[in-house]
Each structure stands twice: as structure tokens, then as C-alpha cells.
Protein chains: 2
Amino acid sequence: MQGKNISDIIEKYLKEMIAEDERVEISRSDIASHFDVVPSQINYVIKTRFTIQNGYVVESKRGGGGYIRIEKVKLLDNIDILDTLINAIGDGLTQREGKAIINTLVLNDLITDNEADLVLASINKQTLSVGNKLLENEIRANIMVAILDHLRYKS
Amino acid sequence: MQGKNISDIIEKYLKEMIAEDERVEISRSDIASHFDVVPSQINYVIKTRFTIQNGYVVESKRGGGGYIRIEKVKLLDNIDILDTLINAIGDGLTQREGKAIINTLVLNDLITDNEADLVLASINKQTLSVGNKLLENEIRANIMVAILDHLRYKS
DNA sequence: CGTTCTTTGACTAATTCTGACTATAATTAT
DNA sequence: ATAATTATAGTCAGAATTAGTCAAAGAACG
């Protein structure tokens, strides 16, 4: 698993940093030049090895003082149901289906009533009205998946 | 909110002043020379970090004895601010502006940290990515307004 | 062999920094 | 009073500095 290619080496390097600090902020170009690879390879490493499924949350900022921040989060136990729901969503979700999912989340104590109300407001038909049913359902699906992904861990 | 770029440092400095006094009056050129930047950088810092979305109101005066006054507003005292925010949103909202608003809502105890995280996931750039930035910002604006409207009914 | 994973780089996007030019208010000179 | 001068702050566009995307080429794997 280690050392076969440069991506694995960079992965190991970053994970050693995170093992110490739980949260790490890097400069993409610094890491890239340290390992003598093109900067976009850092994006590749992050996209393939620091996913939320693996328990990592990544944020970044461009411009002067820009950074990539990688944080290790603790995944919760209930994630099977989340995977199931995400798979069911696919790339489209109607309002009715969305409401059903939110209901499930409340019943399983994954979100509170108040949180459910906010999510409902977000995925509401009028809120997402965009003159194209297919696109609307796709956006609703994206939002729902983002929320389910967030529920994978505790902040 | 780090210290790698000078704008963040100036932001932090000003917020420390405001933390003490709730309202602060500065001389643009003094601050600029204190941090050794051009004066217009102070405008940049204010425009990007002390907006109404961030919960600040800024007034200024030119000419002799001129100043820039920054004041932190409280949503509780001032429920009109919700309308002001909705107005400011108009028909487009960037991710950055959205984050600022959500942060302000948390600081004013209108939503919890968990609720904020869910809303953040909803309005995230990746989530709303639809290949058209104008449309993306419009959807984000719709979501944010729906949330703010919901909050108004609750209180 | 064909498939999947890795590497590369050209192009894009976001954010910050800078300076020339503009606008406004107070003070001083006529 | 009015005009000229001085002292502030504002705007805007371009340069500089980061990071992101995407697709094609190359390597490894089965």
C-alpha cells in the first residue's frame, strides 16, 4: 500500500501530519514542490484519498494566503443508513421524496425537528424553482446528499 | 481567518478593537500606515469582512477629521435587520456572503451550530454547482431567503 | 489486451494587493 | 463670502498570488 507511487507517498506524508494535529493546513504549491510534482497532483491525492467516506473534511481558499485545510473527523455508527439513502437518491430527487427522507432522518434521531424544518425550507419546490424540473430535482438531490454526508460525522 | 495574509491580520485587529467597544472609529490612513499597506486596502478589508452580512454597519466621512466608523449590530435588538439582509441578498448570493450570514445568525443565537452546518452544506458551492454561476447564486439566494423567512416566523 | 489508476499541464477561478484617479469636507487665503 | 488649498476617504481596474478542473498521456494491474 505504501511507496508504490508518489501519490501514496504524499498520502502517507499528509496523514502523518494529521496524526499529530487532527487538522492541518498546507500550501498546495509547497507540497507539490516538496515532492516535485505538479500542483494539481495534490488535488488528485486529496480527491482520491481524503474523502468524507474516509473521515476527512477538506476546505480551501485561493488567492494570497491561500491554503488547503484537511481535517480528520470522527465518523458515526449510523452511516449504513446514510449510504443507503444516498444510493437511493441517485441524481434526482422530488420534493415528495425529499420529505420522506427528512422524515426518516427525524425518526432515526439523526436531525431534530427544527433542523428538519430548515432542510425542508431549503429543498422546497418554490425555493428551488428554476424553470426546469430535471435540473430542480438534480439540485435537490445534491443538497440532500450534502446533508447526508454531513451527518456522517459529528462536528 | 488565519494570519498568512495581511487582510486577515487587519481584520483580526479591527475585530479586537470592536470586541472591546462595540463601535469603533478609525483613521484609514493611520491603520494603513500601521500595517504598511496602501490605504485602499482598508476599504478592501471592510468591503469583504465588515459587511451587513457579517453583522457590521460602516459609516465614514471624508475630508479633514474624516473617519471610518464600524459598528457591530445585534439582530435581537433589531429584527428589521432580517429584512435588511433579505434586501441585501436580492436575487443573488455568493458562497462567501452566505457563510457570512450564517455565521451572523449563529452569533446572534438565531440558529444553532448544528443547524448552521446543515445550511452551510446546502448552500455550498459544490452542492449548488450547476454550470452557471448566475443561476447558482440565484438558487443560493432563494435558499437563504427561505431560511431567513422561516426564522422570522419562529421568533 | 483492456481497464483502471496516476501523472501532467493548459486553462480557469477566486482572493488579495496596489496605485492612479475621483469625491468630499474642513481650513486658509483673498 | 468665495476661492484655493489641504486633508481625508472611495472606486475601480489590473497585477499578483494562490487553488481547481479537466482531459489526455502514461503506467500499472489483472
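Sequence lines set the chain letters: A, B, ... in the order given, protein chains first and strands last, and positions in each chain run from 1. Just so it is clear, the model here is predicted, and its values are computed rather than measured.
One finds no side-chain N or O of Ser7(A) lying less than 4.0 angstrom from the OP1 or OP2 phosphate oxygen of dC5(C). Within the 4.0 Å cut-off from OP1 or OP2 of dA14(C), at least one side-chain nitrogen or oxygen of Lys133(B) is found. Using a 4.0 Å cut-off, no side-chain N or O of Lys61(B) falls inside it from OP1 or OP2 of dG10(D).
Nearest heavy-atom pair, Tyr56(B) versus Val73(B), reported as atom, atom and distance to 0.1 Å: N-CG2, 4.5 Å.
One atom, CD1 of Ile68(A), and another, P of dT21(D), lie 10 Å apart when rounded to the nearest Å. What separates CD1 of Ile46(A) from P of dT21(D) is a distance of 11 Å, to the nearest Å. Between the OH atom of Tyr67(B) and the C1' atom of dA26(C) there is a distance of 13 Å, rounded to whole Å. Asn43(A) has its CG atom 13 Å from the C1' atom of dG9(C), to the nearest Å. Following rounding to the nearest Å, Ile26(A) (CD1) and dA19(D) (P) show an atom-to-atom distance of 8 Å. Atom CD1 in Ile70(B) sits about 10 Å away from atom P in dG10(D), given to the nearest Å. Atoms CZ (Arg28(B)) and C1' (dA23(C)) sit 11 Å apart, rounded to a whole Å. dA25(D) atom P lies 18 Å from atom OH of Tyr44(A), rounded to whole Å.
Mapping Arg49(A) and Gly64(B) onto DNA chain C by nearest heavy atom places Arg49(A) closer to the 5' end of the strand. Where Lys47(B) and Gln126(B) each meet DNA chain D at their nearest nucleotide, the meeting point lying more 5' is that of Lys47(B).
Ion pairing between a basic and an acidic side chain is recognised when a charged N comes within 4.0 Å of a carboxylate O; Glu22(B) and Lys72(B) show no such pairing. Contact check on Arg69(A) versus Glu25(A) returns a salt bridge, with a Lys/Arg side-chain nitrogen under 4.0 Å from an Asp/Glu carboxylate oxygen.
Taking a 6.0 Å sphere around NZ of Lys15(A), one finds it holds more than 12 heavy atoms contributed by other residues, nucleotides or ligands.
Counting non-hydrogen atoms under 4.0 angstrom, Arg69(B) reaches nothing in the nucleic acid. Across all strands, Gly66(B) comes closer than 4.0 Å only to sugar-phosphate atoms, never to a base (heavy-atom distances).
In the interface, the side chain of Arg62(A) is not paired with the base of dG20(D) through any donor and acceptor atom under 3.5 Å apart. Ser40(A) contributes no side-chain N or O that forms a donor-acceptor pair with the base of dG20(D) under 3.5 Å.
Considering OG1 of Thr51(B) and CD1 of Ile46(B), their distance stands at 11.5 Å, rounded to 0.5 Å.
Set against dA9(D), dC17(C), dT18(D), the side chain of Ser29(A) has dT18(D) as its closest nucleotide. Minimum atom distance to the side chain of Gln41(B) is reached by dC17(C), of the listed dA9(D), dT6(C), dC17(C).
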